[in-house]
Amino acid sequence: MRRTIKEYSQVEAQIRDLKALQSGEVIIATMNGLAGGIVPKAAANFCARHPRLKISIRVMFIHDIVQAVVDGEADLGLAFNLPPSPQLETLWKMDTRLGAVVSPEHPLVGLESLPLAHCEPYPLIFADRSMLIHGIVADAFANAGLTVEPAFLTNSIEAMKCLAAAGDGIAFLSKFDIAEEQRNGVLTYLQIRDRTFGKNVLSLVQREKRSHGLATSMFAEEIIRALRATMD
């Protein structure tokens, strides 16, 4: 009898999951750079196969992303350097070191790996102090004994990418930030020599100990595939 009830419950759950793929919404909270490239690309691929599902992409600051997932306001969170939380389950993570992001016509393109000092003569594009990567980049220059003044400061990843694409400026971002631009030949990622930059960990998370629907799990798998493809 217990086995029959268990099997019935499993069938019920499968039916609910199948119905969920006919309609419903998956909400992902993320950062502006990721929301401008890899996340919508994954969402478009997913919805092409499941047209009745809706994907909502919400751009937030890091602590707001954590809170949204913990509170159940978002099903998934994707961001760099998320603070640890016992209420979050990590589905995927990787240390995605920052590199020099430049236009394909930049004089430094062609070097396999780039000493940080080679960036000094060019207009530097820094994230401002409201963003965690400002500290990562500023510390790297300081530790290398280089005193620099950025030509541009911004809290917008999109602005950083546009500035780099428009001239000889150098921004410092990860491959994931520029996945679409690199694929389209708009920007180029150059590795900085000797792992100069500190860790920049990208994580995909969901709320721990919560029942997650099939649509959320499948979209998480879609995101992970897109992330892995970016590293190939």
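For reference, positions follow the sequence shown, starting with 1. In this text the structure is predicted, and so the values were computed from the model without any measurement.
- Under 3.5 Å, the side chains of Q191 and S113 contain no donor-acceptor pair of N or O atoms.
- Considering CZ of F61 and CE of M131, their distance stands at 8.5 Å, rounded to 0.5 Å.
- Residue W92 holds its CH2 atom at 8.0 Å from OG of S203, rounded to the nearest 0.5 Å.
- Side-chain contact between F197 and L116 is present, with heavy atoms from C-beta onward closer than 4.5 Å.
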Going through the distances and angles, do K199 and R97 end up as a side chain to side chain contact (heavy atoms under 4.5 Å, CB included)?
-> CA-CA 6 Å; K199 288 187 175 181; R97 298 278 172 159; 3.7 Å; yes

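- By the 4.5 Å heavy-atom criterion applied to side chains, M160 and I125 are counted as neighbours.
- Linking Ile, Leu, Val, Met, Phe, Trp and Tyr whenever their side-chain heavy atoms come within less than 4.5 Å puts L146 and L98 in one cluster.
- For the pair I38 and A226, the tightest heavy-atom approach, listed with the atom from each and the gap, is CD1-O, 3.6 Å.
- Open room surrounds CZ on R129; 12 or fewer heavy atoms of other groups in view lie less than 6.0 Å from it.
- Separation of the Y122 and H106 ring centroids falls under the 6.0 Å cut-off.
- Using a 4.5 Å heavy-atom threshold, the side chains of I28 and D75 count as separate.
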E89 and Q206: side-chain hydrogen bond (donor to acceptor under 3.5 Å, both in side chains), yes or no, with the steps?
-> CA-CA 5 Å; E89 176 189 357; Q206 66 183 11; 3.0 Å; yes

Tell me, with the steps shown, if T154 and D128 meet side chain to side chain contact (heavy atoms under 4.5 Å, CB included).
-> CA-CA 5 Å; T154 177; D128 71 17; 5.9 Å; no

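- Here R49 pairs with E222 in a salt bridge; the nearest charged N to carboxylate O distance falls below 4.0 Å.
- Of all non-hydrogen atoms in A220 and L204, the two that sit nearest each other are O-CD2, 3.8 Å.
- When each of L114, I170, L108 is tested with V102 by the rule side-chain contact (heavy atoms from CB on, under 4.5 Å), just one qualifies, namely I170.
- Residues L124 and V137 are not in side-chain contact: their nearest non-hydrogen atoms beyond the backbone lie 4.5 Å or more apart.
- Rounding to the nearest 0.5 Å gives a distance of 11.5 Å between CG of L190 and NE2 of H118.
- In this structure, I133 and I157 have side chains that are in contact, with non-hydrogen atoms separated by less than 4.5 Å.
- Taking the centre of each ring, F141 and F172 come in below the 6.0 Å mark.
- Counting heavy atoms from C-beta on, the side chains of P83 and I62 come closer than 4.5 Å.
- Counting heavy atoms from C-beta on, the side chains of T96 and V201 never come closer than 4.5 Å.
- A continuous path of Ile, Leu, Val, Met, Phe, Trp and Tyr side chains, each step under 4.5 Å between heavy atoms, connects V109 with Y189, placing both in one hydrophobic cluster.
- Within the 4.5 Å cutoff, no side-chain heavy atoms of L76 are placed close to those of I27.
- Between D95 and N200, the side chains place no donor N or O within less than 3.5 Å of an acceptor N or O (distance only, hydrogens not considered).
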